[in-house]
Protein chains: 2
Amino acid sequence: MIKVLIVDDHEVVRQGLRFVLDQEEGIEVVGECPDGGRALAAVRALRPSVMLLDMVMPGMDGLEVLRRLGPDRPAVIVLTSFQEDERVVAAVRLGALSYLPKTTAVDRVVEAVRAAARGGSVLEPGIAALLVRQVRRGERRSRLDALTPREREVLTALAKGRSNGEIARSLSLGKETVKTHVSSILAKLGVADRTQAAIVGLQQGLVPLDEALLEADGSQE
Amino acid sequence: MIKVLIVDDHEVVRQGLRFVLDQEEGIEVVGECPDGGRALAAVRALRPSVMLLDMVMPGMDGLEVLRRLGPDRPAVIVLTSFQEDERVVAAVRLGALSYLPKTTAVDRVVEAVRAAARGGSVLEPGIAALLVRQVRRGERRSRLDALTPREREVLTALAKGRSNGEIARSLSLGKETVKTHVSSILAKLGVADRTQAAIVGLQQGLVPLDEALLEADGSQE
DNA sequence: GAGGCCCTCCCCCCGCGGAGGGAGGGGAAA
DNA sequence: TTTCCCCTCCCTCCGCGGGGGGAGGGCCTC
């Protein structure tokens, strides 16, 4: 009997998955969680053999759950709404066996669950292509690794569309310091100006695209 | 009998919604579509009274479906994975009655369907707050349609990380002209500088994120 | 024809952003 | 300890970007 834990903040999705999986022989859904914190607790309490994990969740997200899973973890299948390049790679690095977009046909999900129970992977062709592309693009990522922690912080703020002055205030720095950081960021990334740097930051997922400008003007209201 | 059409590219979601709605009295799911094109056809063929519509879909997305719906449209409930400010406002403008995040409890969805059949709305508190905030803010982002064709071209180049000089060359313009366009773009979008404008352009999909810098530095490396 | 918007280019003004170089304190590794 | 990097801040210099005007021609609409 394969014991499955479903982790997703969307109740409809949980219901749908449970509905599908419960119809399968040899598969039992032992629990559902709407967020990462409860997922970790449920893993300890229920000892599922397979976990279906959503990436995008309020509070603790899927990546963080993967990071915090102990050594005797269940087999993890990441099931997410959209294909974000870096998240795929990050999830795979953190030990996810399969990474499926939610557009996947339900029988592929079942297949992935059975495979995961045996330690196997099911990769959608699109995801596989993403992985390949990402690996090929590796040099660009390594440039981002060259950034110091502080610089990465500054780049994050930069990718949100903030000016040097705003960044200085939000990090409690002098604006000259920010300028220093920005200059070395531009040099290390090999880009010409802050706009290009912001684009790199967004591409690398330092800031999810849809959150980019939100707090830029949300903070003062 | 309320005839419901479900439009979502995620099979799990469709299954979940159908499962939930089919258990309700007086509600009948008359069809499911995985994309916008088929949704429009299904609306004409099946004449549903309520449509549950996902925003994020391959091919024709939810907003486009809303735009193309004829005058005797079904009541539309937008059901989406995440709360993007502009999309909420845009969807409401285009006639969506309710806008629910997929995190919504299933009974709220049922409630929204029944309300929609009567022409009523069900708004999550979070979404309502978003609408209010957006309206108070003077509507910014959704005003991308306010841009002239030329301005949209410039914004596209901007979102690729190009400087005014580069844009001028690529469009065969004087750089003063580009500056004029950039200024009115900033004004119309209500943003402070070119970086923020670029982010808006990327968010609106004028340029796919992973294509943003490609030709910008691809030419010199 | 008059008014409207769009596209094009021009002007002045100036402040932010980015280059380049210098400097001191601190932490980690040799 | 010495060395090296990181973080912090300071300086000068200047060019690009952006604000605020103005202006002419083209096109469409009233």
Side-chain angles (χ1 to χ4, degrees), chain A residues 142-202 206-207 212-213 216-217 219-220, chain B residues 138 140-141 143-202 206-207 212-213 216-217 219-220:
Chain A
S142 65
R143 282 199 249 173
L144 208 158
D145 292 337
L147 297 187
T148 68
R150 203 51 159 173
E151 288 162 355
R152 206 170 288 119
E153 275 186 276
V154 173
L155 179 56
T156 302
L158 235 159
K160 290 178 182 169
R162 301 226 254 256
S163 70
N164 286 346
E166 289 169 334
I167 296 174
R169 254 172 281 130
S170 73
L171 295 182
S172 309
L173 290 177
K175 61 168 62 177
E176 307 82 11
T177 309
V178 175
K179 289 180 69 170
T180 307
H181 288 315
V182 170
S183 285
S184 53
I185 288 172
L186 297 184
K188 287 182 180 176
L189 295 183
V191 296
D193 54 46
R194 67 192 300 102
T195 302
Q196 294 191 353
I199 292 173
V200 171
L202 291 171
L206 280 184
V207 178
L213 284 175
D217 42 16
S219 56
Q220 57 219 20
Chain B
R140 342 215 125 158
R141 250 135 259 161
R143 297 245 228 145
L144 202 150
D145 343 320
L147 297 187
T148 68
R150 203 49 159 175
E151 287 163 356
R152 205 170 290 119
E153 274 186 277
V154 173
L155 179 56
T156 301
L158 237 161
K160 289 180 182 169
R162 300 224 255 256
S163 70
N164 286 346
E166 289 169 334
I167 297 175
R169 253 170 282 130
S170 74
L171 295 182
S172 310
L173 290 178
K175 62 168 61 178
E176 307 82 11
T177 309
V178 176
K179 288 181 67 172
T180 306
H181 288 314
V182 170
S183 285
S184 54
I185 288 172
L186 297 184
K188 286 182 180 177
L189 295 183
V191 297
D193 54 46
R194 67 193 299 105
T195 302
Q196 295 191 353
I199 292 173
V200 172
L202 291 171
L206 280 183
V207 179
L213 283 175
D217 51 13
S219 54
Q220 59 213 23

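Since the model is a prediction, treat every value here as computed from it, not as a measurement. Below, chain A is the first sequence line, B the second, and so on; all start at residue 1. Basis for what follows: all heavy atoms, side chains included, without hydrogens, waters or symmetry-related copies.
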Next item on the list: Find the distance Asp193(B):CG to dG18(D):C1' and express it as a whole number of Å.
Entry: 10 Å
Next item on the list: Establish, with yes or no, whether the OP1 or OP2 oxygen of dC9(C) is under 4.0 angstrom from a side-chain nitrogen or oxygen of Thr177(B).
Entry: yes
Check: Can a side chain N or O of Asn164(B) be found less than 4.0 Å away from OP1 or OP2 on dG17(D)?
Finding: yes
Item checked: Check: Asn164(A) side chain, Ile167(A) main-chain N or O, donor-acceptor pair, under 3.5 Å -> no
Notebook entry, point to check: How many Å lie between CD1 on Ile185(A) and P on dC6(D), as a whole number?
Noted result: 13 Å
Note to self: When you measure only distances, ignoring hydrogens and angles, does the side chain of Thr180(B) come within 3.5 Å of the base of dC9(C) through a donor and an acceptor?
What the structure shows: yes
Checklist line | Residue whose nearest DNA chain D nucleotide is more 5′ - Lys179(A) or Val182(B) | finding: Lys179(A)
Notebook entry, point to check: Do the side chain of Arg162(A) and the main chain of Ala157(A) share a donor and acceptor less than 3.5 angstrom apart?
Noted result: no
Next item on the list: Any chance you could lay out the side chain to side chain contact (heavy atoms under 4.5 Å, CB included) test for Val178(B) and Leu171(B), step after step, and finish with the verdict?
Entry: CA-CA 9 Å; Val178(B) 176; Leu171(B) 295 182; 5.8 Å; no
Margin query: What's Ser163(A) touching, base or sugar-phosphate or nothing? Going by heavy atoms closer than 4.0 Å.
Written below: sugar-phosphate
Next item on the list: Whole angstrom is fine here: how far is it from CZ in Arg194(A) over to P in dG17(C)?
Entry: 5 Å
Check: Under 4.0 Å: is that the gap between some side-chain N or O of His181(A) and OP1 or OP2 of dT8(D)?
Finding: yes
Notebook entry, point to check: With the threshold set at 4.0 Å, does a side-chain nitrogen-carboxylate oxygen contact exist between Glu153(B) and Arg150(B)?
Noted result: yes
Notebook entry, point to check: For the pair made of CZ in Arg152(A) and P in dC6(D), what is the distance, rounded to whole Å?
Noted result: 11 Å
Margin query: Can you measure Glu166(B) atom CD to dC16(D) atom P for me and round it to whole angstrom units?
Written below: 12 Å
Checklist line | Audit row: Ile199(B), Val191(B), side chain to side chain contact (heavy atoms under 4.5 Å, CB included) steps and yes/no | finding: CA-CA 10 Å; Ile199(B) 292 173; Val191(B) 297; over 6 Å; no
Checklist line | Phosphate-side-chain proximity, Ser183(B) and dG19(D), N/O vs OP1/OP2 below 4.0 Å | finding: yes
Check: Could you state the NZ-C1' distance from Lys175(A) to dC10(D), rounded to the nearest angstrom?
Finding: 14 Å
Next item on the list: Please report, rounded to the nearest Å, how far the P atom of dG18(D) is from the CD atom of Gln196(B).
Entry: 10 Å
Next item on the list: Starting at atom CD of Glu176(B), determine the distance to atom P of dA23(D), rounded to an integer number of angstrom.
Entry: 17 Å
